[in-house]
Protein chains: 2
Amino acid sequence: MNEKKHLLTMTALDLFYKNGINSVGINEVLKASGVAKKTLYNHFVSKDTLIIATLEYRHNVFLHWLKQSLANSTTNEDLVRYLFNALTRWFNNEVPELTSFNGCFFINAAAECVGQSEEVITYCRFHKAQVRQLIASHMQIIDEQLLDMICLLKEGAITSAYVSQDLQAAQKCLPWLMSNMKK
Amino acid sequence: MNEKKHLLTMTALDLFYKNGINSVGINEVLKASGVAKKTLYNHFVSKDTLIIATLEYRHNVFLHWLKQSLANSTTNEDLVRYLFNALTRWFNNEVPELTSFNGCFFINAAAECVGQSEEVITYCRFHKAQVRQLIASHMQIIDEQLLDMICLLKEGAITSAYVSQDLQAAQKCLPWLMSNMKK
DNA sequence: ATTTATGGAGACAAGTTTGTCTACCTTTGC
DNA sequence: GCAAAGGTAGACAAACTTGTCTCCATAAAT
């Protein structure tokens, strides 16, 4: 990708994630990145296009991080342990590449762009489906019900960590999941 | 409360919940409610004050509905059953007073108003705490860990129902929770 | 060396936004 | 009948939004 385009995408993602997509104007992105308006509209058709680019970028970073976090799991128990420990590290700002925790960028984007951009919510759905698939691909024994629970608890933990500032939300899931697996 | 003030609050809540707080301007609320701008600023200091009023109103409606939904529960198992069945009815638009499902108004508001209104996020936290307390008050046998799981699964179900359009998200929680309770 | 592409700075247009203010009307109480 | 209170309608201000366009500078390729 072009250097300026990449810079714009990263800067926009930073600001969108920190302050909300609708609260951040194009001019703010330009000022923060030091790029000219002409250049932005040279690379992006509209702000919406830029938003989609930030979603794609975040998606890649997030999936890469998650893939690495689950890489060493060999059993379903491992998977659960690695996943929720990784979430806890994310919530507590121990994952630099995900930047300072501010909830799930995709949940936030979906909430912000309702009735404004159908493409955004579609991409958010896609992201969630991809994450689910990645988790599923690390299951030794396929258990659809367990997969459902893992995904629901993951979403709940992210939301609780963000809205209720419960940074230990993910840790609370572990004993329950573990005790329910060895049966 | 004053008649016009009430009308403004309800109209604003409707529009905010359906289309997003930041996407709905004051003028739209005025047009939809048929109230004059002067009257709005007679009752509300600013748009932020109106937003808080919609949060308070939604909070009351939601808690009233939840209280009624859980009223007949006498055991922890009942509680879980009543709660997640109620959520399923909400997701599937079978609860008129909660209006057409569009996710959790408080999660959405928190996502939209980040770095814009500290009061909004504080109220959202308060709402989540109140809901948790209501659920806790219906527990026959107090089990903090179970309460955590219920609340996390509830948040996860709401998010999944909204973002991933999984309207059966809440139902998926039931077997798991039930099997984990009788041990 | 000159053409071509790219970017910087920012003026500008057209439309938003929130919030104020004026002028008038309607209702209610005395 | 009349005064006070509160609502309506909407003009207006000031600031913001996205997106276009011009002018100029720089750098790379032929």
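Here is the naming used below: chain letters follow the sequence lines, and residue numbers restart at 1 for every chain. What you see is a predicted model, and the numbers here were worked out from it, not measured in a lab.
- Remark: aromatic rings of B:Phe105 and B:His59 are distant, center separation not under 6.0 Å.
- Remark: P of D:dG19 and CG of A:Leu40 are 9 Å apart, rounded to the nearest angstrom.
- Among the protein residues, A:Lys38 comes within range of the nucleic acid bases, having at least one heavy atom under 4.0 Å from a base atom.
- Among the candidates B:Tyr57, B:Trp90, B:Tyr17, the single residue satisfying the ring-ring contact (aromatic ring centres under 6.0 Å, His included) test with B:Phe62 is B:Trp90.
- Spacing between atom CD1 of A:Ile26 and atom P of D:dT20 amounts to 11 Å, rounded to whole angstrom units.
- In this structure, CD1 of A:Ile51 is placed 14 Å from P of D:dT17, rounded to the nearest angstrom.
- Between A:Lys4 atom NZ and D:dT26 atom C1' there is a gap of 12 Å when expressed in whole angstrom units.
- Residue A:Asn19 contributes atom CG, which lies 13 Å from atom P of D:dT17 at whole-angstrom precision.
- Using modelled atom types, one side-chain atom of B:Asn108 and one backbone atom of B:Asn102 make a donor-acceptor pair closer than 3.5 Å.
- Note on A:Ser46: every side-chain N or O is 4.0 Å or more away from OP1 and OP2 of D:dT18.
- For the pair A:Asn42 CG and C:dA9 P, the interatomic distance rounds to 15 Å; values are reported in whole Å.
- For A:His43 and B:Tyr41, each mapped to the nucleotide of DNA chain C holding its nearest heavy atom, the one lying further toward the 5' end belongs to A:His43.
- The distance from atom NZ of B:Lys47 to atom P of C:dT16 is 15 Å, rounded to the nearest whole Å.
- For A:Lys37 against D:dG19, a side-chain N or O and a base N or O form a donor-acceptor pair under 3.5 Å.
- Between B:Tyr162 and A:Val114 the shortest side-chain heavy-atom distance falls below 4.5 Å.
- Summarising the geometry, the separation between CG on B:Asn27 and C1' on C:dG15 is reported as 13 Å, rounded to the nearest angstrom.
- Note on B:Thr39: every side-chain N or O is 4.0 Å or more away from OP1 and OP2 of D:dG6.
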